[in-house]
Structures are given as structure tokens and as C-alpha cells.
Number of protein chains: 2
Amino acid sequence: MAEKEVIKTVTIKDIAERAGVSFSTVSKALRNSPLVQEKTKLKVLRIAEEMGYQPNIAARRLVSKKSWAIGFVWPSVERATTGALMTLINEKLEERSYTTLLSINRIESAIAAFHRFQVDAIFIFYNHDEKVPPDYSYNTNIPILVYGVAGHVPYPTIDVRRDQATKLAVEHLYELGHRNIAYIGQPVRYDLLQEEKIRKFREEGERLGLKHIIAPVENMETHSGYLAAKQILQHKDDRPTAIVSGSYDLTRGILQAAQELKLSVPEQLSIVSYDNIPQSANLEVPLTTVGVELSSIADKATETLLHLVDEESVPDAIYMEPELTLRRSTAPPAAR
Amino acid sequence: MAEKEVIKTVTIKDIAERAGVSFSTVSKALRNSPLVQEKTKLKVLRIAEEMGYQPNIAARRLVSKKSWAIGFVWPSVERATTGALMTLINEKLEERSYTTLLSINRIESAIAAFHRFQVDAIFIFYNHDEKVPPDYSYNTNIPILVYGVAGHVPYPTIDVRRDQATKLAVEHLYELGHRNIAYIGQPVRYDLLQEEKIRKFREEGERLGLKHIIAPVENMETHSGYLAAKQILQHKDDRPTAIVSGSYDLTRGILQAAQELKLSVPEQLSIVSYDNIPQSANLEVPLTTVGVELSSIADKATETLLHLVDEESVPDAIYMEPELTLRRSTAPPAAR
DNA sequence: CTGTTAGCGCGTTCAA
DNA sequence: TTGAACGCGCTAACAG
């Protein structure tokens, strides 16, 4: 009989028997209820420890109606910024002893899965490739929080004042003395997030009487930023002295282009990048950015999610105010 | 009646009431038991659909000791290939009525979370950035299947004969007449998967007496492939006539570089790409690839996972044999 | 074929 | 302060 001993999962009943109390007393002791004597509590805890007790989450969830899990719908896995944000929120939720579950499926089916797991709340990184009727509501009663697209979905949202960010960027460059600037971003109609930034760029450019051109990109990948920058910066004569970049990923491409064209940043080319993510500070040329610090977004998102879990009311739309972070990628334009 | 109502979570009891049957009949019907009349089954299914029913996994797990859920540890979220593979496996498991859960956490903590959710099995996309002692074993009794790194972990693995793939690629190019070829990939020591491919490239190059150079990349992103290709292809004189690319992502970058240098593929440059994913066929120039068709890997992985769930024994290491898929990105070298 | 009954492990009444 | 009883939503026996 060299048979491996089958380790039976230990339940509160086993502990109760061993401790000589009823299992409901054990339950209370483990949850640190004030309704048990300190002495018994300690005894129970010690025995539970000894026996290697692990609570059965399924059972706990079944009766308490709480899973201590939060689901994330994250279809656009490729963007550096959402990845970093996701990671931060995940950490913060872990501190509050929540588990994070992820789905890369279409929103609909992701929600169905989370529904089966009875998660306590759902956070959606809105996917702009997925065309959903603006007022579409999903078939679940689990509270939902959406990132971006404030005002376009029937759920609470958390969002950044993107137009304000663009304004900060342009003003900063204007004050440095730049009069010929470019915007590299994605002017695709259905991507509301990008469009807002560009609209403001145009407005500000006109208000301040600047030469302002917009370089479209096909998508938000690094290489697209590279191509757009390459094109803009090629003509030596009338080259913009500064670029506002629509995202961190694009900026990496722009830097690549600058390097290849032997344009030094910031001496010959200033860059203000959207998205204030930690990586921004670690590039060879630390980036001057406009945006909301990612960790404050994460804080706000976490807090709001927990409010939703507790069925407290939250605002329909939470707007975060962006700020300008000066680093080393901007300077006055070189004298001609 | 296209309207779906969502007030509270709907349970089998709700369905039972609405359908005028007992809740155990509903349970059977939903699980497609032969013990219910076809007619009632259909009726129940229809009503469940209408009411937006989702089974409560916690309850199911509590009684049946099975959660019908499988956890995926997927720390390297950014690669196109793993993403596509993930999606395929997910679909196949859904067909078998399993739900998949995803975690992007570090392997350790992902496993802890899955443990608490009592998933039936865990699939790990091994993360090569995460240094783990080769024989490290995780603290769980849930069965684990690992993708890649066969022979390096104390769990069953599923893997591709990567060296064989490289060999196929080189031989194919040799037969077409190429005598000067390059490899673009990631020769980073700790990434066993990449190293294997490169070692074989060197071997084969020598065996066949070819001029063979290796262009290192910093990471597996598209842009890195672009940079490496750009560098290799710049010198007009001694330019390689063919490139073996270490991954689909890199290949996209290589194609961008070729386009920019006005090198037509395959007339002036042949490319064999690792990773046979569906997208390979859809590029402007459909790619000749070496590798195992993703859907067979997915099939094998799914099947093996289900074996593990059923406590059937599985081999320590499953190797998949790669094959050459001829498309349009390779041709004989242009006459000089 | 269908309904009834009995738990799964746990938290929460309500009595004692 | 403790314990007995109930039920969460579901599956699996067992009766009808």
C-alpha cells in the first residue's frame, strides 16, 4: 500500500470537532466576530492554522453573495497605457484583498462569463473597434464602470479631460516660443477619445495664431508614429519645431524618426507626449507629458469600483484634470 | 418578445417557475441530460435564454467538485501569437462548456487566485522574463499544463520542435537557391524558446555552407523587427537575399522595412516567418511560414487540459512537429 | 420521463 | 457567549 495519502480538505466542521466547539462558533472565530470569547477565538485560530485550513470560497460566496473578485474587460490588449493602468488597478485591488479576473473576449461574452463567476463589479476598457449602439446596456445587474467615452454609455464612467490636456500642451509650446507645431494622432471618426484631442489642437492653434498641422496615423502603434513623424520632418525648410503626440506608443516612434534624421530632442525638436505613464521618465530623453498621472486614475478607478461594490452611488461621469509634467523633451526652438 | 429582463440574478428556480416544471428538471435540461423530454428541454432552454440565465459557478462547484473553469496564466500579453492561440483554445473550451479565466499577474499569484477559485486546471504561457528556478513547483494540487519550455519545468508541457522549424526554413531557402541568408530573432540567453531556433540556424548554415548572419533584436515587438531588417538590408552589395524571421510580429516589421527600402517581396527578398497564425495568410504578401498550425496546437492543448481535468495521465512532454507552409513570400533569388 | 429529497461548506439568523 | 437550524444555487440520488 504505497498509496499516497489522500489529503482531505479540512472544513470548519473538522476544526469544530477538534476544538470541541460547534462549527458556527468556528465560523465566527475565523471571521473575527466579537461574539466569541477571546480565548476560544485564539484556540480555534491555532487549530485552523495547524490543520492547514483553507476557506472554501465557493461556499462562502454562495451564502455571502460576494466573490471578492472584480472582472476586467480588456479587448484592446496592445496599448502600453491601458496595460500599465490595468496593472496598477490590479495592485491596488489586491491590497484591498480583491482578486482581478480578466477577459479578452468581446464585451458581451466577457460580461456573461463574469456573471457566471458572480464578480462584484466589472470594469470595461472600452474598445473602439467594437461598434456598440451608444445607449446599449448589457444584460447583467452587476455594477459596471467604464473607462473613457464619458457621456456615450449608460454606465458610470471615469475619464480624462482630453481636450484640456491638448490645450496644456499647445500653450506650453507657445510659451516656449514655438510657432510651428504638429499633432500626430489618430483622426478616425469613431474613436471618440482621439478625436477630442485633435479638435482642441485645431482650436488652440487658431486661437494662438500658430502654424499647426495634423499628421494622421493609421493606428496607434509605434511604427505609425514613426512614419508620420518621418513624413512631417523631412522637408528641411518649413519643418515644425515641436510635436504634440497623441500617445506614448506613438511618441516612441517619433523619437525613432528624430534620431534617424539626426534631429536632437529637445534642441531641434520639442515633443510633448500624451499619456503620463511611468515609462515616460525612463526614455533616453525623459518626456514632457500632458495627462493625468496614471496612478491617480488607478486610485480613482479602484475607489469607484469599491463604491459600486458596496452599492453606494457614484457620479455618472468622473473627469480627471490633466496636468503638464515638465521633463526634458521640450525647450525653446533653435534660432534660425 | 425580444426583450430581456434583468432585475435580479436568475436561478434555475426562476426558470422552473416560469416553465411550469420542477427546478431539477431545469437542471437536467440545461445540462442536456437524456432524462428529459426533447420538448420540455427546448422550452426550458428557450426560457433560460430569454431570462438571461447564467449558471452560478460557485454553487455548481460546491456540489459537483468541479467548476468547469480553467485558468490561464498569461503574463506576456503583448505577443500576437500567444494572443491568437489563447483565443483559439478559449473557443474550443467553450464548445466543451468550459469557462476560461485569465490572469496577467505573476505566475505565483495568478496560481494562488486560481486556486481560490477552484479552477479545474491551469494553463501557463511561460513568461521568460520571470526567472523561476527550473524545477520550481507551485503550491497547488490543481493540474498544470505549460506551453513551451519542455524539459525545463516539473509539469507536463506542450511544445513545438522549434529547431526543426528553423531547419525547414533554411532548407527551403537553400533549395530555392539562396546562399546568403539572415536570421532576425532574439538571442537573449534566458529565453530558451528563441535560443533554440537560433542555435539550429547556425548549425544549418554551416552544414549547408551558407553565408548566414544573425541580427539581434531587443525584444519581440514589430518595431524591433523593422530596425533589425533596416540595418541588415541597407548595404546594397552584400545584402542577404532571404530572411528567416523569429516571429510573426517581427515579420511585420521586416515587411515595413522592405517596403521602405523599395525591396519587393519575394522578388528581391524572400522571407520565411516562424509562427503559422491565420493572419500570416492575410498580409499583402501572404507569408511562407514554418511552424505548427495554431489550431492544431490549440486542439492538442485543449485535449490535454481535459485529460488533466479528468485525472487521466498525460505525457510529460508533448512535441508538435512543424511544417513548411508555402505562400508567396519566398522565391528564387534574383539573378545578379 | 418528471418531481422530491438530500446535501455540498459556509454565514446568519434565532434560541438557549 | 454559544449552538441549532436554515438556506444560498446547484447536482445527484431516488421515487413517482
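Sequence lines set the chain letters: A, B, ... in the order given, protein chains first and strands last, and positions in each chain run from 1. FYI, side chains are in, hydrogens and waters are out, and symmetry mates aren't considered; it's all heavy atoms of this structure.
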Length of the [atom1]-[atom2] vector between [X] and [N], whole Å:
{"X": "R61(B)", "N": "dG7(C)", "atom1": "CZ", "atom2": "C1'", "answer": "16 Å"}
{"X": "K66(A)", "N": "dC10(C)", "atom1": "NZ", "atom2": "P", "answer": "19 Å"}
{"X": "D14(A)", "N": "dC8(C)", "atom1": "CG", "atom2": "C1'", "answer": "14 Å"}
{"X": "L62(B)", "N": "dG9(C)", "atom1": "CG", "atom2": "C1'", "answer": "5 Å"}

Review point. Going through the checks in order, is the salt bridge (charged side-chain N to carboxylate O under 4.0 Å, His left out) test met by K92(A) and E303(A)?
Key: CA-CA 9 Å; K92(A) 287 178 203 295; E303(A) 186 194 317; over 6 Å; no
**Study point:** Side-chain donor or acceptor of S67(A) paired with backbone N/O of Q118(A) under 3.5 Å
**Key:**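 Side chain of S67(A) to backbone of Q118(A), a donor-acceptor pair under 3.5 Å: yes, one is there.
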Point to revise | Sub-4.5 Å side-chain heavy-atom contact between L101(B) and F117(A) | key: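 Answer yes - side chains close enough.
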**Study point:** chain B footprint on DNA chain D, 5' to 3' - any atom under 4.0 Å from a heavy atom
**Key:**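 Range of nucleotides touched by chain B: dC8(D) to dA13(D).
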Side chains of [X] and [Y]: do they bring a donor and an acceptor to under 3.5 Å?
{"X": "H307(B)", "Y": "E312(B)", "result": "yes"}
{"X": "S22(A)", "Y": "T25(A)", "result": "yes"}
{"X": "T99(B)", "Y": "R116(A)", "result": "yes"}

Review point. Roughly how far, to the nearest 0.5 Å, is the CD1 atom of I318(B) from the OG1 atom of T304(B)?
Key: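 So the OG1 of T304(B) and the CD1 of I318(B) are separated by 3.5 Å.
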Check your understanding: Where does the angle between the aromatic ring planes of Y138(A) and Y155(A) fall among parallel (under 30°), tilted (30 to 60°) and perpendicular (over 60°)?
Key ->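 Ring orientation of Y138(A) relative to Y155(A): parallel.
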Review point. In residues 38-47 of chain B, which ones come under 4.0 Å of DNA chain C, going by heavy atoms?
Key: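 Within residues 38-47 of chain B, the residues near DNA chain C are T40(B).
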Review point. Picking from I89(B), V73(B), L85(B), what satisfies side-chain contact (heavy atoms from CB on, under 4.5 Å) with Y147(B)?
Key: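 Single side-chain contact (heavy atoms from CB on, under 4.5 Å) partner of Y147(B) among I89(B), V73(B), L85(B): L85(B).
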Point to revise | side-chain contact (heavy atoms from CB on, under 4.5 Å), paired with I124(A), selected from V153(A), L145(A), I111(A) | key: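 Of the listed options, the one satisfying the test is I111(A).
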Check your understanding: What pair of heavy atoms forms the shortest contact from K66(A) to D120(A), and how long is it?
Key ->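 It is CG-OD2, 3.4 Å.
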Exercise for review: Report the residue (S22(A) or Q118(A)) whose heavy-atom-nearest nucleotide on DNA chain D is the more 5′ of the two.
Suggested key: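 Mapping each residue to its closest nucleotide by heavy atoms, the 5'-most match is S22(A).
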At a cut-off of 3.5 Å, list every protein nitrogen or oxygen paired with a nitrogen or oxygen from nucleotides 12-16 of chain C, distance to 0.1 Å.
from: dT12(C); atom 1: OP2; to: R31(A); atom 2: NH1; distance (Å): 2.8

